[in-house]
Amino acid sequence: MSYFLTLHPSSLNLRFYLSVSCFTTLTNLFPTTSSQNQLNITKQTQKHLISLIKSCSKKTHFLQIHAHIILTSLIQDPTISLHLLSRISFSPFRETRYSRQIFDQIPNPNLSHFNTIIRAYSISNSPEQAFFLFKNMRQKCVPTSPLTCSFAIKSCIRFCSLIGGVQIHARILRDGVQACRVFDEISQRDTVAWNVLISCYIRNQRTRDALCLFDNMNSEENECKPDDVTCLLVLHACAQLGALEFGEKVHSFIEEHGYGDAKNVCNSLIAMYSRCGSLDKAYWVFKGIREKNVVSWSAMIHGFAINGHGREAIEAFEEMQRRSVLPDDQTFTGVLLACSHCGFVDEGMMFLDRMSKEFNILPNIHHYGCIVDLLGRAGLLDQAYQVIMSMEVKPDSTIWRTLLGACRIHGHVNLGERVVGQLIELKAQEAGDYVLLLNIYSSVGNWEKVKELRCFMKEKGIQTTPGCSTIELKGVVQDFVVDDVSHPRKDEIYEMLDEINKQLKIAGYVAEITSELHNLAAEEKGYALSYHSEKLAIAFGVLVTPPGTAIRVAKNLRICVDCHNFAKVLSGVYNREVIIRDRTRFHHFREGHCSCNDYW
DNA sequence: GTAGGGTTAG
């Protein structure tokens, strides 16, 4: 029997014991299995062996057990090998090198094996090995657990590896396990470490914290400064938040540090300015790019589209072709978006047709989303439904929700109910969907159904998202919720809102009540609407900014008809440009008018 | 071989 050949070449200790002293003892101690290659183990043998391993208190004894396990190929049994590894790693006679020998003999180490050996290394004199094994797990496609990460990070801290810690940190966040505290434990943070943290914050919708980190990086005590990648990340956060002033600050930083020539930075600036409703500045940046690529054009087209400048978006699309820049799928998303936001039904359908025929780009779910929105808002609900049913991509919850939004606009009860049914079937229904259905019922005055659905929602404990509007003042984003009383200047804000309401009534503003959910008397409804979060944010804007300054508000949900009218009349009476970005689009108001097709 | 990164429906 050539059992020596089955041994790992490095396991000299074991060779020694096997060849010199223990072999006879071992075979007497344990009945060996007949074949070394076939693992044939009963539950009882396993149990017996494990209790032996556990009770083993001397190294010599342990060595004997180990030798036997190798000899009988029982090392292939994952439970036995784990106990063996665990005992040698955390016993009074522990020795990391020996742990490693055993680990290397295990044919297919699993998560528990890795956790054990990584833990052993993390408290040993060679903690860097823990990190290498952690990386090894990825290469071998062994999934990691929070425990693994915790040991691996500890080891990185012990051998002062920033790179290691950052890599594990990124992986933890990618795997959805929160461990931002790790960052604080890194002694030497470089720009990349900061950038990773910012990126993770943005991915986890903590955009405001991302902006704070930019400021922290920029502070005097901090040695490593933001670089071009930091700027890209932070611009993205500004765009999401609608934080224009902060975005401008980042823009100045970019210019000061000479990042302004980088095309990716410029493209991000275009996106940031357009998503903050500052189309002029977006266009200014766009014009400054010498060699505009497809991303620059797409970003600009998208910017025109979301700001309600559909004609310019389409012109830009034509211009880019004259300049021989080939459009891609995202360019068409922008073009179709322009059509949807401006109600260009025929053109939208034509572009959908052209993109595959002329440009060989197959429409994706985003393109169909625009088309469904376009048809739905135009009141062509059946046609929109047909598009969903006929498209080659599987409809997702978002696309059904788009159609549901259109059902609300047009008070389409039957289709609305069917769409909610589809969402429930997809198991993707959200509180907001039921709210839209409530809106549909109340807009047609079906209070019976409203009551029924409200009861259902109460029974099921469905929590609706509270409406929240934000407005930025001197680079700080401020929140307002419905009937907000938490603001330090709440008295002034409510006073201002009352004053605004008086002025607007004189100008002919009447509270629009169909969108309100409750079956209240008209007067009460008017009252219930008066403290919507966007109105509070606007009142705050009027209060704290000098006359003539544009008021920019971002809202997490859809703006209601009444607030829309309120802002429209206000833009004329107070001579203020009002820009409200809600969940689905921008609403620009100037001199008593709305730049898009009014509410829709 | 060297982390983090540009435009994307509602």
Side-chain angles (χ1 to χ4, degrees), chain A residues 135 161-171 173-174 189-203 210 213 224 226-236 239 259 262-272 274-275 282 285-286 289 292-306 316 320 325 327-341 348 352 363-374 376-377 387-388 391 393 395-406 408 430 432-433 436 556-558 581-585:
Chain A
K135 288 194 84 170
S161 168
L162 173 66
I163 291 175
V166 164
Q167 285 182 21
I168 298 164
H169 185 201
R171 169 135 183 106
L173 287 166
R174 215 170 288 161
R189 302 166 192 163
D190 65 3
T191 302
V192 176
W194 284 91
N195 289 351
V196 173
L197 194 64
I198 292 174
S199 162
C200 290
Y201 271 133
I202 295 171
R203 267 206 294 265
L213 283 175
C224 63
D227 67 359
D228 52 338
V229 177
T230 321
C231 294
L232 289 175
L233 290 164
V234 175
L235 285 177
H236 188 76
Y259 301 135
K263 212 165 289 175
N264 53 359
V265 172
C266 291
N267 295 340
S268 279
L269 279 169
I270 296 171
M272 183 277 293
S274 21
R275 291 210 59 190
V285 175
F286 174 75
I289 305 175
K292 301 170 186 63
N293 63 12
V294 61
V295 179
S296 322
W297 284 100
S298 300
M300 197 61 239
I301 290 170
H302 189 264
F304 279 132
I306 58 174
M320 76 182 276
V325 181
D328 65 7
D329 55 338
Q330 295 195 42
T331 320
F332 276 101
T333 307
V335 172
L336 293 175
L337 198 63
C339 297
S340 119
H341 280 219
L352 183 73
N364 62 26
I365 196 92
H366 295 245
H367 301 122
Y368 284 120
C370 295
I371 294 292
V372 169
D373 195 41
L374 169 65
R377 284 179 196 266
V387 168
I388 296 181
M391 59 194 203
V393 266
D396 62 0
S397 56
T398 306
I399 213 153
W400 286 119
R401 212 159 276 139
T402 307
L403 188 59
L404 187 59
R408 185 201 63 155
E430 289 170 2
D433 301 328
L436 279 177
N556 63 340
L557 307 171
R558 290 174 166 90
R581 188 181 86 179
D582 75 358
R583 206 189 158 120
T584 65
R585 56 188 55 213

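Reckoned from all heavy atoms, side chains included, excluding hydrogens, waters and symmetry mates. So you know, we letter chains A, B, ... as the sequences are listed, proteins then strands, and number each from 1.
Closest contact between the side chain of A/Asn195 and the listed nucleotides B/dT8, B/dG4, B/dG6 involves B/dG4. Residue A/Asp190 places its side chain closer to B/dA3 than to any other of B/dG10, B/dT7, B/dA3. The listed nucleotides are B/dG6, B/dG10, B/dT7; the one nearest the side chain of A/Ser268 is B/dG6. Distance from the side chain of A/Arg275 is smallest for B/dT8 among the nucleotides B/dT8, B/dA3, B/dG6. Here B/dG6 is the nucleotide among B/dG4, B/dG6, B/dT7 with the atom lying nearest to any side-chain atom of A/Lys263. The side chain of A/Thr584 lies closest to B/dG10, out of B/dT8, B/dG5, B/dG10. Nearest to the side-chain atoms of A/Ser199 among the listed nucleotides B/dG5, B/dG6, B/dG10 stands B/dG5.
Contact annotation: side chain of A/Asp227 to base of B/dG4, donor-acceptor pair present below 3.5 Å. On a pure distance criterion of 3.5 Å, no polar donor-acceptor pair joins the side chain of A/Asn264 and the base of B/dG6. If you check distances only, the side chain of A/Asp329 never reaches the base of B/dA9 with a donor-acceptor pair under 3.5 Å.
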Assess whether side-chain contact (heavy atoms from CB on, under 4.5 Å) is satisfied between A/Asn195 and A/Asp227, documenting all intermediate values.
-> CA-CA 9 Å; A/Asn195 289 351; A/Asp227 67 359; 3.2 Å; yes

Check the pair A/Ser298, A/Val295 against side-chain contact (heavy atoms from CB on, under 4.5 Å), reporting the backbone distance first and the verdict last.
-> CA-CA 5 Å; A/Ser298 300; A/Val295 179; 5.6 Å; no

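In terms of the side-chain hydrogen bond (donor to acceptor under 3.5 Å, both in side chains) criterion, A/Asp396 has no residue partners (sequence neighbours excluded). Every residue meeting the side-chain contact (heavy atoms from CB on, under 4.5 Å) condition with A/His302, not counting sequence neighbours, appears here in chain and number order: A/Ile306, A/Leu337.
A/His302 has a side-chain polar atom (N or O) that falls below the 4.0 Å cut-off from OP1 or OP2 of B/dA9. Considering only side-chain N and O atoms, A/His366 lies nowhere under 4.0 angstrom from the phosphate OP1 or OP2 of B/dG10. Contact annotation: A/His367 side-chain N/O to B/dG10 OP1/OP2 distance is not under 4.0 Å.
Spacing between atom CG of A/Leu352 and atom C1' of B/dA9 amounts to 13 Å, rounded to whole angstrom units. Atom CD1 of A/Ile270 and atom P of B/dG6 are 14 Å apart (whole Å). Remark: C1' of B/dG5 and CG of A/Leu197 are 16 Å apart, rounded to the nearest angstrom.
Side-chain atoms of A/Asp228 and A/Asn264 include no donor-acceptor pair closer than 3.5 Å.
Here the side chain of A/Arg377 pairs no donor or acceptor atom with the backbone of A/Ser340 at under 3.5 angstrom. Within the 3.5 Å criterion, the main-chain N or O of A/Ile270 finds a donor-acceptor partner in the side chain of A/Ser274.
Of all the residues in residues 397-406 of chain A, A/Thr398, A/Thr402 reach under 4.0 Å from DNA chain B with at least one non-hydrogen atom.
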